[in-house]
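Proteins get letters first, then strands, A, B, ... in listed order; numbering begins at 1 in each. What you see is a predicted model; the values in this text were computed from it and never measured.
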2 protein chains.
Amino acid sequence: MGKTNDAVTLADVARAAGVSIATASKALNGKTVVREATRRHVEEVARSLAFTPNPFARALNSSITGTIGVLTADLANRFVVPILLGVEDAFGADSTSVILTDARNDSIRESHQLRTLMAKRVDGIVVLGDSDTSRPSITDQVTVPVAYAFAASQDPEDSSFTTDNSQGTDLAIDHLVSRGRRRIVAISGDPTFSAAVERLTGATQAMQRHGLQLVGGENLYGDWSEDWGRQCVHALVEAGLHFDAIFCASDQIARGAIEQLRDENLRVPEDVAVVGYDNWELFSVHSRPPITTIDMNLQELGRAVARELIDAIKGQPHPGVHRVPVRLIPRASTTRL
Amino acid sequence: MGKTNDAVTLADVARAAGVSIATASKALNGKTVVREATRRHVEEVARSLAFTPNPFARALNSSITGTIGVLTADLANRFVVPILLGVEDAFGADSTSVILTDARNDSIRESHQLRTLMAKRVDGIVVLGDSDTSRPSITDQVTVPVAYAFAASQDPEDSSFTTDNSQGTDLAIDHLVSRGRRRIVAISGDPTFSAAVERLTGATQAMQRHGLQLVGGENLYGDWSEDWGRQCVHALVEAGLHFDAIFCASDQIARGAIEQLRDENLRVPEDVAVVGYDNWELFSVHSRPPITTIDMNLQELGRAVARELIDAIKGQPHPGVHRVPVRLIPRASTTRL
DNA sequence: TTGAAAGCGCTAACAT
DNA sequence: ATGTTAGCGCTTTCAA
């Protein structure tokens, strides 16, 4: 097979530059001391030959391979991709490459993927969950540093980055209160998710700080659907409750709520202001009116995890659960006043 | 740093098995002839030592690295992830690992990612587009086999896998006709996308095969939104046109159309049957009624591209644009009769 | 059928 | 400041 392989090796560069291989290596790596002139010259030659060091040769004797593995719980989940983008971005800047594997929410498959990653000698692993409910640690299955994203590890010795639901609810409630709303309802989602619980208790506490109480009680759990938002609003109105704002634990719920409010002849935001959560633009932007919501900064979360893994690989891990700050995106559903 | 590295090398296995390194290598690789008994023995020892060959050492002298690169145009695009899952799945089965990079729809960044992938010595590259509109070839930028997914390469010498819009429209129209519909409208999307054009001309031709013509003309282009679906239906009704079915070039359009039909007091599917496209379940399943639609089998498309790249790496490419078959998912929006 | 030896491309002592 | 020399872990002639 007459393959014309890349084949520009350090030896080629050294020969062309008239130095030894070792000198060429030193010149290019900037580690050891080399005369400035030779360095320049070698670099020049290397560039003109389009030399790229063979990462395999390098990895063979450096114990660092320049690749990390990402194990996603479920790539199809809409929270995963933004985080993955952040991870990819940060590692790209660090010029280490990202091997992607997906567990499809199957623990057998997950173990298999972990073995594959170890066999590939990755320097570290990012475990990317598909909800912010904590998950089992994998430290007993691997021998490299691990950082957890979105779903924290259940082992507090691990380094995890997850979203700050408590800050999110604070932002949401403060926003509503600052706009003069006092009679606030909080509609949460499926209580089997930490997010549902944390966002509802967070809202409750935020209200307390203002000396207020949630209208309609502190247990409006359901699921994450538009339907649940509609149902809930309908029931509240039926019950004759008065409220001037709703905090919803997801944009989907918020959208359902807004539609039902319209059906009940309540104006948004004039009569009832609505805040959502997630900033899922499909719902938050295209709702009528567009929904004020909490953006979890998932891409930034991804970058944070990547930075942590880079540190951990260098031997500087920061164990514990780190909460990545969120931000409020104001839109028309709360604008007036 | 007292690192207890993986460190189980072939040498360890050989020593423990009482054979030479060369023999151990042969026994484990099954290439060369080794006595059956020794093979078994070596394999046994390797297993008991949990030996995994160092892929870097192997890659150093085999010219094949066991990694491929995926260059996505835009990971955030909803069509990309299903394809990526298929790709990942197929390469997992082939035990080659997938390095993920994302171009964020930026050609500068794309070139950069390609250089990175080449530097990592990938055996091949999958270029994953974010629409089915064809795109420039990258063959001049790389020296390994490339296969294109979703968006075909503009160079017919390349191997591309894209979706079969013409089969999709045939399925849709045939389905409607077989259900007794004759006065069929076709609403397409943004005409700057091949998909919009191909789906509308495909529908036109499918109608012709049945000796029928599209009601409302053959140029209902707009955008891919619910709004456009609504507007269009509204205009058709205003114009006093009679129709008993609508083929929409996307589920989003279909959902808008269905909602407007309801507002116009037309029943779906009794008065008007509706077929969508994409099987974006968020819209197709949760619409009322759920929408009959065309599923592009994107995951299968991903697998097909992966298989092609594997072949191409072996030196057996299949140049040209390959159309991956789609399928119709019948749901309530066309059920009656 | 098995083993000895040479090298893949690079880095890192050690010498010069 | 530069060059020489060993390897890293594996595959692959070539001999035995």
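- Under the 3.5 Å distance criterion, the side-chain polar atoms of A:D102 are matched with a main-chain donor or acceptor of A:L75.
- Residues satisfying the side-chain contact (heavy atoms from CB on, under 4.5 Å) test with B:R109, not counting sequence neighbours, are A:E88, A:D89, B:R104, B:D106, B:Q113.
- Applying the salt bridge (Lys or Arg N to Asp or Glu O under 4.0 Å) rule to A:E43 yields no partners; only residues at least two apart in sequence or on another chain are considered.
- Every residue two or more places apart in sequence or in another chain was checked for a salt bridge (Lys or Arg N to Asp or Glu O under 4.0 Å) with A:R58, and none qualifies.
- For the helix from C:dT1-D:dA16 to C:dT16-D:dA1, the axis fitted to the five pairs at one end and the axis fitted to the five pairs at the other end meet at an angle of 40° (nearest 10 degrees).
- In terms of position on DNA chain C, the residue among A:N29 and B:R39 whose nearest nucleotide sits closer to the 5' end is B:R39.
- Taking the nucleotide of DNA chain C with the nearest heavy atom to each of A:P53 and B:R35, the more 5' of the two is matched to B:R35.
- Residues satisfying the side-chain hydrogen bond (donor to acceptor under 3.5 Å, both in side chains) criterion with A:T101, sequence neighbours excluded, are absent altogether.
- With sequence neighbours excluded, no residue forms a salt bridge (Lys or Arg N to Asp or Glu O under 4.0 Å) with A:R115.
- The ring-ring contact (aromatic ring centres under 6.0 Å, His included) pairs that include a residue from residues 71-107 of chain A are A:F79-A:F150, where partners are two or more places apart or lie in different chains.
- Comparing A:E36 and B:L60 along DNA chain D, the residue whose closest nucleotide (by nearest heavy atom) sits nearer the 5' end is A:E36.
- Side chain to side chain, A:S137 and A:D155 fail the donor-acceptor criterion of an N or O pair below 3.5 Å.
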What donor-acceptor contacts under 3.5 angstrom involve side-chain atoms of residues 308-315 of chain B, with partners at least two apart or in another chain?
unit_1 : atom_1 : unit_2 : atom_2 : d
B:E308 : OE1    : B:H318 : ND1    : 2.7
B:E308 : OE2    : B:S159 : OG     : 2.9
B:E308 : OE2    : B:H318 : N      : 2.9

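- The shortest heavy-atom contact between B:L60 and A:N54 is CD2-ND2, 4.2 Å.
- On the nucleic acid side, DNA chain D has its first and last nucleotide under 4.0 Å of a heavy atom of chain A at D:dA1 to D:dG9, going 5' to 3'.
- Within residues 10-22 of chain B, the residues approached by DNA chain D to less than 4.0 Å at the level of any non-hydrogen atom are B:L10, B:I21, B:A22, in residue-number order.
- Residue A:S62 is classed as having no contact, given no heavy-atom separation below 4.0 Å to the nucleic acid.
- Close approach of DNA chain C to chain B, defined as any atom under 4.0 Å from a non-hydrogen atom of the protein, starts and stops at C:dT1 to C:dG9.
- Applying the salt bridge (Lys or Arg N to Asp or Glu O under 4.0 Å) test to residues at least two apart or on different chains, the pairs with a partner in residues 8-27 of chain B are B:D12-B:R15.
- B:R327 and B:E300 are not joined by a salt bridge, as no carboxylate oxygen comes within less than 4.0 angstrom of a charged side-chain nitrogen.
- Heavy atoms from other residues, nucleotides or ligands lying under 6.0 Å from CD of B:Q154 number more than 12.
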